[in-house]
There are 2 protein chains.
Amino acid sequence: MLDLWTLQILAAVGRLGSFSAAAGELSMTQPAVSRQIATLERRTGVRLFERLPRGVRPTGAGRAAIEQAGRVLGEVALFETRMRDHATGRAGRVRVSAFPSAATSYVPERFRAFAALHPDVELSLTVGGDPGAAVVAGEVDVALLTSWDTPPKGVEVLPLLEDELLVALARDHPLAGGESVRLRELAAERWIDGTHPDCLGPVSRLAAALGGPPGISHVCDDWNGRQGLVAAGVGVMLYPAMAGAVRSDIRLLRPSPRLSRSVYAVSLPSPGAAVRAFLSVLARPA
Amino acid sequence: MLDLWTLQILAAVGRLGSFSAAAGELSMTQPAVSRQIATLERRTGVRLFERLPRGVRPTGAGRAAIEQAGRVLGEVALFETRMRDHATGRAGRVRVSAFPSAATSYVPERFRAFAALHPDVELSLTVGGDPGAAVVAGEVDVALLTSWDTPPKGVEVLPLLEDELLVALARDHPLAGGESVRLRELAAERWIDGTHPDCLGPVSRLAAALGGPPGISHVCDDWNGRQGLVAAGVGVMLYPAMAGAVRSDIRLLRPSPRLSRSVYAVSLPSPGAAVRAFLSVLARPA
DNA sequence: GAAAGGCATAAGCTGCGCGCATGCTTGACC
DNA sequence: GGTCAAGCATGCGCGCAGCTTATGCCTTTC
């Protein structure tokens with residue numbers, strides 16, 4: 001097998017035109033260089049240098065070898081810089097999986113903040129599927145979960161924020177006038193829910209606040225669709241504050257008592273520098 | 001310093017997804033692979049593989065490393081291919097220096113014959129200068145000399161052919177009618193000569209045939225120019241048979257007694273395979 | 001619960017490559 | 001022309017890197 005050190009010696013000899021000079025530059029002795037070149041010539045079966053009284057001169061094959069050695073060493077240098085970039089977090093890739101309401105406003109804002117700090121790190125986002133399973137399967141590096149989810153075993157959990165849940169009512173709803181609404185007054189409403197993971201959460205908690213189990217009449221997984229349902233007066237829903245603004249024919253009211261869910265980032269233990277950096281951006285207060 | 005063997009192990013692990021499998025493919029043991037990867041990870045400061053219960057999986061940095069290692073190994077393979085080509089004479093470069101009259105017909109024909117056999121060898125020709133000196137200086141690989149030249153010390157001399165020298169007369173010259181001409185009849189002619197290396201040769205020999213020293217009235221180093229002088233009836237000249245055809249208003253006659261010069265190829269001792277192949281093409285009878 | 005597959009670690013050994021010392025050739029200088 | 005200096009080749013001994021063997025630990029599977 002060829003050796004990179006041999007190629008480095010070859011390049012130095014080609015550049016300096018002398019075994020002794022190359023040896024000096026590479027902090028080794030002239031005999032070592034001589035042996036290396038001789039071995040390389042024996043293994044390739046080609047004379048690479050003509051030995052002159054004053055140094056050496058590359059043959060045609062020697063010139064080609066020096067040139068090609070330079071290309072190899074260039075790729076090696078690229079290898080080392082890439083690895084250094086990965087080690088320092090300058091380069092890399094962070095694959096994120098998030099639930100839909102996080103993708104509306106929170107994740108894009110954090111992506112922008114991270115990209116400003118680490119322009120060479122590639123970001124990708126997946127919405128949907130099972131974020132926790134994707135992490136343990138290695139399909140994504142970071143998954144955002146809510147307290148409705150149970151994080152899988154063997155992952156690191158980083159609490160990010162407490163996301164308040166608001167009540168979304170049609171603009172012309174009788175209770176839509178104030179800033180807040182007593183949940184008990186919504187006991188008879190028809191509720192809109194999703195299957196996963198932005199749903200109402202543990203129904204037991206909501207039932208306690210309502211004074212009874214909510215009547216879930218509609219199921220829709222898309223937030224735009226849900227907004228349409230609410231605006232049409234078909235039902236009411238909980239809307240996470242982190243999802244941002246809603247259409248103008250919907251009012252968001254703070255429920256009383258307040259409701260909230262926690263948002264976590266989960267990742268495999270001891271992640272790479274890029275993922276570590278991304279987690280630190282996530283954890284930084286907005 | 002990075003090691004190519006390490007990169008090869010890295011590539012195998014990336015391809016097979018397992019230390020054990022890579023070890024088997026590379027005819028080594030699993031601990032050796034484990035140590036190599038661990039050392040590489042320590043030196044780069046990046047975790048390259050996640051260790052799973054069933055084999056390993058590359059991290060983001062690992063994927064980048066495997067990819068770049070592939071590029072390095074590709075260049076190395078190219079290195080080895082090129083060296084093999086040079087060893088077998090399939091690739092290479094032959095720089096030739098020739099005197100003007102050889103460049104007219106002989107060298108082009110030999111170049112074409114050689115190129116048919118070795119299409120990947122680069123050929124180049126230099127006419128003029130001191131061919132012998134160019135060989136010892138390493139500027140060219142093969143020089144064509146005539147017996148008028150004295151080959152320098154320390155080169156290999158390969159006799160190629162005996163080049164007959166003809167007498168060129170204007171078409172309307174009184175002696176231009178036959179096939180040959182007695183040199184003694186040309187004793188009073190005005191001779192055209194060049195400075196080097198296609199000149200009359202040792203004047204002593206010509207003088208003996210002429211019955212006295214030739215009267216050299218014109219000196220021109222260009223064969224086209226000389227032909228013009230001869231055609232105009234300004235003088236006569238010797239014309240090497242290897243130079244090929246002349247313009248139609250000139251007659252070539254065989255002198256009596258015959259004159260000739262030897263043509264040699266000289267090269268440095270123990271040349272590369274490409275040069276050796278070229279010399280064998282030169283030496284092959286036309 | 002036991003067995004097997006796979007990675008990590010420890011210990012010992014081998015071989016490759018380096019440094020040191022020396023010889024040889026060639027060109028330069030007085 | 002004789003001596004010196006520069007530079008490459010070679011022989012010898014040694015140190016270190018990396019491999020093999022042996023073993024342990026963890027996880028999965030039957």
Side-chain angles (χ1 to χ4, degrees), chain A residues 1-10 12-44 46-59 62 66 133 136-138 152-155 268-270, chain B residues 1-44 47-59 62 133 135-138 152-155 268-270:
Chain A
M1 185 67 193
L2 210 48
D3 187 359
L4 280 183
W5 182 239
T6 303
L7 294 186
Q8 199 137 334
I9 295 172
L10 172 65
V13 171
R15 182 158 28 84
L16 300 171
S18 152
F19 287 6
S20 310
E25 181 177 281
L26 298 174
S27 300
M28 50 197 294
T29 59
Q30 171 267 321
V33 175
S34 181
R35 299 285 286 224
Q36 284 275 1
I37 299 294
T39 304
L40 183 61
E41 285 175 329
R42 184 172 47 75
R43 292 167 75 107
T44 60
V46 190
R47 190 143 191 86
L48 297 174
F49 293 95
E50 300 169 28
R51 273 66 166 179
L52 306 177
R54 231 44 168 202
V56 297
R57 179 176 55 207
T59 64
I66 292 164
V136 297
K153 253 198 59 168
V155 299
L268 290 178
S270 66
Chain B
M1 185 66 192
L2 208 49
D3 186 359
L4 280 183
W5 182 240
T6 304
L7 296 186
Q8 199 137 335
I9 295 171
L10 171 66
V13 172
R15 182 158 28 83
L16 300 172
S18 152
F19 286 7
S20 310
E25 181 176 282
L26 297 174
S27 299
M28 50 197 295
T29 58
Q30 171 267 322
V33 174
S34 182
R35 297 285 284 211
Q36 284 277 359
I37 298 295
T39 303
L40 183 60
E41 285 175 329
R42 184 172 46 75
R43 291 167 75 107
T44 60
R47 191 144 192 86
L48 298 174
F49 293 95
E50 299 169 28
R51 274 67 167 178
L52 305 178
R54 229 51 168 195
V56 298
R57 179 176 56 207
T59 64
V135 165
V136 297
K153 252 197 58 164
V155 299
L268 290 178
S270 66

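- What separates CG of Leu4(B) from P of dG18(D) is a distance of 13 Å, to the nearest Å.
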Task: Protein proximity profile, nucleotides 24-30 of chain D - base contact B, sugar-phosphate-only contact S, no contact -, cut-off 4.0 Å on heavy atoms - done: ---SS--
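- With sequence neighbours left out, Arg54(A) forms a side-chain hydrogen bond (donor to acceptor under 3.5 Å, both in side chains) with no residue at all.
- We find the CG-CD distance between Leu10(A) and Gln36(A) to be 10.0 Å, quoted to the nearest 0.5 Å.
- One atom, CG of Leu48(B), and another, P of dA8(C), lie 12 Å apart when rounded to the nearest Å.
- In terms of phosphate contacts, Ser34(A) brings no side-chain nitrogen or oxygen within less than 4.0 Å of OP1 or OP2 of dC8(D).
- Atom-to-atom distance recorded for Leu4(B):CG and Ile9(B):CD1 is 11.0 Å, nearest 0.5 angstrom.
- If you take CG of Leu52(A) and C1' of dA28(C), they are 16 Å apart, rounded to a whole angstrom.
- With values rounded to the nearest 0.5 angstrom, Gln8(B) atom CD is found 10.0 Å from Asp3(B) atom CG.
- Whole-Å rounding puts the Gln8(B) CD to dC19(D) P distance at 12 Å.
- Among all heavy-atom pairs drawn from Val56(A) and Ser18(A), the shortest one is CG2-N, 4.1 Å.
- We find the CZ-CG distance between Phe49(A) and Leu40(A) to be 8.5 Å, quoted to the nearest 0.5 Å.
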Pair up each side-chain donor or acceptor in residues 19-27 of chain B with any protein partner under 3.5 Å, not counting sequence neighbours, and list the distances.
from	atom 1	to	atom 2	distance (Å)
Glu25(B)	OE1	Arg15(B)	NH1	3.2
Glu25(B)	OE2	Arg15(B)	NH1	3.0
Glu25(B)	OE2	Arg15(B)	NH2	3.1

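- With a 4.5 Å cut-off on side-chain heavy atoms, Val46(A) and Glu41(A) do not count as touching.
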Task: Heavy-atom protein contacts under 4.0 Å, nucleotides 13-24 of chain C, coded B base, S sugar-phosphate only, - none - done: ----SSBBB---
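- Interatomic distance, CD1 of Ile37(B) versus CZ of Arg51(B), reported as 7.5 Å (0.5 Å rounding).
- Each end of the helix from dG1(C)-dC30(D) to dC30(C)-dG1(D) gets its own rotation axis from five pairs of C1' atoms, and the angle between them is 20° to the nearest 10 degrees.
- Between atom CG of residue Leu268(A) and atom CD of residue Glu50(B) there is a gap of 5.5 Å, rounded to the nearest 0.5 Å.
- In this structure, Arg47(B) atom CZ and dC7(C) atom P are separated by 12 Å, rounded to whole Å.
- For residues 27-40 of chain A, no pair satisfies salt bridge (Lys or Arg N to Asp or Glu O under 4.0 Å), with sequence neighbours left out.
- As a whole-Å value, the separation of Met1(A) CE from dG18(D) C1' is 15 Å.
- In this structure, the nucleotide among dG7(D), dA8(C), dA9(D) sitting nearest to the side chain of Ser20(A) is dG7(D).
- Rounded to whole Å, the distance from CD1 on Ile37(A) to C1' on dT10(D) is 16 Å.
- Counting to the nearest Å, the P atom of dT9(C) and the CD atom of Glu41(B) are 11 Å from each other.
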